[in-house]
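Take a look at the structure below.
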Amino acid sequence: MNQSLYIAKRYLFSKTNKNAVNIISRIAVIAVIIGAMALFIVLSGFAGLKDFALQYTNVFDSDIKVSPINGKTLTLTPQQFSSLQNIEGVATASQIIEERVFLQYKNKNHIAYIKGVDANYQKVTPIDSILFLGDWFEEGMDEVVIGFGIANKLSLPARDYGNLLEIYVPKPGVGQISSIDPTSAFKKQRVVASGVYEINEDLNSKYLFSDISNARLLLGLDSTKISAIEFKLNPEASEEVVFKKISEIIPVEISIKNRIQQNDALYKMLNSENLFTYLFVSLIASIAIFNLAGTIIMVILEKRKNIRTLYFMGLTIKEIRKIFFYNGMLMTLIGVAIGLFLGTVLILLQMKFGFVPITPTLPYPVKFKLLNLLLVFVTICGLGWIASKMASLRVTEKLLA
């Protein structure tokens, strides 16, 4: 066994005559435990919050979305759409028509987006998981599904056949609104809200879903015009291969985005917050862990006579420094091991029992990740290495005088 490591273990686990040094050493180990446990719990909590924030958009967003780069629509022939559906790895594809519209119901107004979808949309997006009230619209009927936010702003209930929802869009080619009859510049469609969906606060007020044929009729588009195509992929599908095949089938300039790219801003924000949280808690942990440096210096002063003896027995200054470096690293490893164990137990208990709630019915979301475990271990050990190295350098020839 390395003699420096052996002596360091003896110093750590043997009792000293000076009780103050024992107490300070225990406090240093406890500081490492708390630092490691706090950092792991915070990272696990943030991972849970991230998944909680993304779970609804992940349900709503497709695996791949294709849209035009120039203009609002692109031309897609039935042959091209059939070829897209036959791409290896594609489970199904849905054609989308999307445009901003003006809604009116009982003198209440709201601006939203109509999203006309075909029959395949229910295979791309699990609508059962987002439908909050009522039913999905029937094809060929003047029905729409509105968001909870739209229903709330317009005070619009589902299945109100006595008072229909009015959808307005500007007529194509109309450059100026007539002062005599302003409504002549708009095309109107009257529909009933067959159901209400619930995703998140932003999307609930943004979209209303309709049959794609009704959306085309309202917007004056022919059967080859679409705003986007949404794809559901098989689990084993390669995104890169699918991207390449789509580009070959649709020769015009198009934007092809996967699920993460569709929410690029949200992912960047969550990742930035995660990085800031990690750095902030690591800074707090570093303040606690640098107690090690003070503890090691106290041990060096206490073992001053022993250091002289070791030096005269033939140990070099470098080897003596290693003794106290190993002493600090052993305290760090013990502290981080206990801290991660306690943190893991608390996270697993929260996942199972939810004893820390956000609301009476919603437990605080947490997620156990091995990556967070490794990240905390490396961070705390790195800080402990710096503190131990700095303190061990206090062993100099002047100390032996």
Side-chain angles (χ1 to χ4, degrees), residues 60-103 112-125 127 135-146 164-175 184-195 197 206-233 242-243 245-257 262:
F60 179 75
D61 294 324
S62 56
D63 293 331
I64 294 177
K65 184 174 182 179
V66 175
S67 56
I69 293 178
N70 300 314
K72 294 184 177 180
T73 61
L74 59 87
T75 301
L76 186 75
T77 64
Q79 293 76 17
Q80 287 175 317
F81 185 60
S82 177
S83 299
L84 290 172
Q85 289 182 299
N86 291 328
I87 294 174
E88 185 179 356
V90 171
T92 188
S94 174
Q95 299 182 64
I96 308 293
I97 292 291
E98 190 174 314
E99 184 56 89
R100 180 174 290 187
V101 295
F102 179 81
L103 307 178
Y113 283 85
I114 187 169
K115 186 165 184 174
V117 298
D118 61 15
N120 288 343
Y121 186 74
Q122 299 185 46
K123 300 175 184 178
V124 174
T125 301
I127 60 172
D135 305 299
W136 196 251
F137 63 81
E138 292 187 21
E139 292 182 39
M141 302 294 289
D142 293 330
E143 296 180 344
V144 296
V145 176
I146 60 174
L164 298 180
L165 172 65
E166 295 179 342
I167 306 174
Y168 292 89
V169 294
K171 290 181 179 179
V174 177
S184 63
F186 294 89
K187 197 169 184 179
K188 180 176 74 171
Q189 188 178 77
R190 303 182 74 197
V191 296
V192 63
S194 63
Y197 70 84
K206 185 175 182 179
Y207 290 109
L208 72 155
F209 293 90
S210 79
D211 183 26
I212 192 168
S213 59
N214 287 346
R216 283 194 175 116
L217 181 64
L218 177 65
L219 299 171
L221 300 174
D222 62 56
S223 60
T224 63
K225 297 294 183 181
I226 60 168
S227 301
I229 314 166
E230 296 189 2
F231 293 83
K232 181 178 177 59
L233 303 183
V242 175
F243 280 21
K245 293 291 185 181
I246 292 172
S247 299
E248 292 173 356
I249 295 171
I250 305 176
V252 298
E253 290 189 31
I254 53 174
S255 168
I256 308 176
K257 295 182 178 181
Q262 292 174 54

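This chain uses plain numbering: 1 for the first residue, then up along the sequence.
Interatomic distance, Lys245 NZ to Asn86 CG, rounded to the nearest 0.5 Å: 12.0 Å. Interatomic distance, Phe102 CZ to Glu166 CD, rounded to the nearest 0.5 Å: 9.5 Å.
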Under 3.5 Å, side-chain donor or acceptor atoms of residues 208-218 against the rest of the protein: list the pairs with distances, not counting sequence neighbours.
residue, atom, partner, partner atom, Å
Asp211, OD2, Gly140, N, 3.1
Asp211, OD2, Ser213, OG, 2.6
Asn214, ND2, Met141, O, 2.7
Arg216, NE, Asp222, O, 3.3
Arg216, NE, Lys225, O, 3.2
Arg216, NH2, Ser223, O, 3.2
Arg216, NH2, Lys225, O, 3.2

If you look only at distance, which donor and acceptor atoms sit under 3.5 Å apart when one is on a side chain in residues 246-253 and the other is two or more places apart or in another chain?
residue, atom, partner, partner atom, Å
Ser247, OG, Phe243, O, 3.1

For a side-chain contact (heavy atoms from CB on, under 4.5 Å) check, start with the C-alpha distance between Thr224 and Leu76, then their side-chain angles and the critical distance, and finish with the verdict. CA-CA 5 Å; Thr224 63; Leu76 186 75; over 6 Å; no
Step by step, would you call Leu233 with Val90 a side-chain contact (heavy atoms from CB on, under 4.5 Å)? CA-CA 5 Å; Leu233 303 183; Val90 171; 4.0 Å; yes
Kindly determine whether Ser62 and Gln262 satisfy side-chain contact (heavy atoms from CB on, under 4.5 Å), including the steps that lead there. CA-CA 9 Å; Ser62 56; Gln262 292 174 54; 3.7 Å; yes
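Using a 4.5 Å heavy-atom threshold, the side chains of Lys115 and Ile96 count as touching. Leu74 is listed as a side-chain neighbour of Ile226, based on a closest heavy-atom distance under 4.5 Å. Two residues are said to be in side-chain contact when any heavy atoms from C-beta on lie closer than 4.5 Å; Leu165 and Ile146 meet this criterion. Within the 4.5 Å cutoff, side-chain heavy atoms of Leu103 are placed close to those of Ile167.
Centroid-to-centroid, the aromatic rings of Tyr197 and Tyr207 stay 6.0 Å apart or farther.
Side-chain atoms of Ser82 never come within 3.5 Å of backbone atoms of Pro78 as a donor-acceptor pair (strictly under, hydrogens ignored). In this structure, the side chain of Glu98 does not engage the main chain of Ser227 through any donor-acceptor pair within 3.5 Å. Ser194 places a side-chain N or O within donor-acceptor distance of the main-chain N or O of Asp135, the cut-off being under 3.5 Å.
Looking at every heavy atom in both residues, Glu230 comes nearest to Tyr121 through OE1-CE1, 3.5 Å. Scanning all heavy atoms of the two residues, the minimum distance from Gln85 to Asn120 falls at NE2-ND2, 3.0 Å. Lys123 approaches Lys232 most closely through the heavy-atom pair O-CD, 3.0 Å. Taking all atoms of both residues into account, the shortest heavy-atom contact from Phe81 to Ile229 is CE1-CG2, 4.4 Å.
The salt bridge (charged side-chain N to carboxylate O under 4.0 Å, His left out) analysis of residues 62-88, with sequence neighbours excluded, yields the pairs Asp63-Arg259, Lys72-Glu99.
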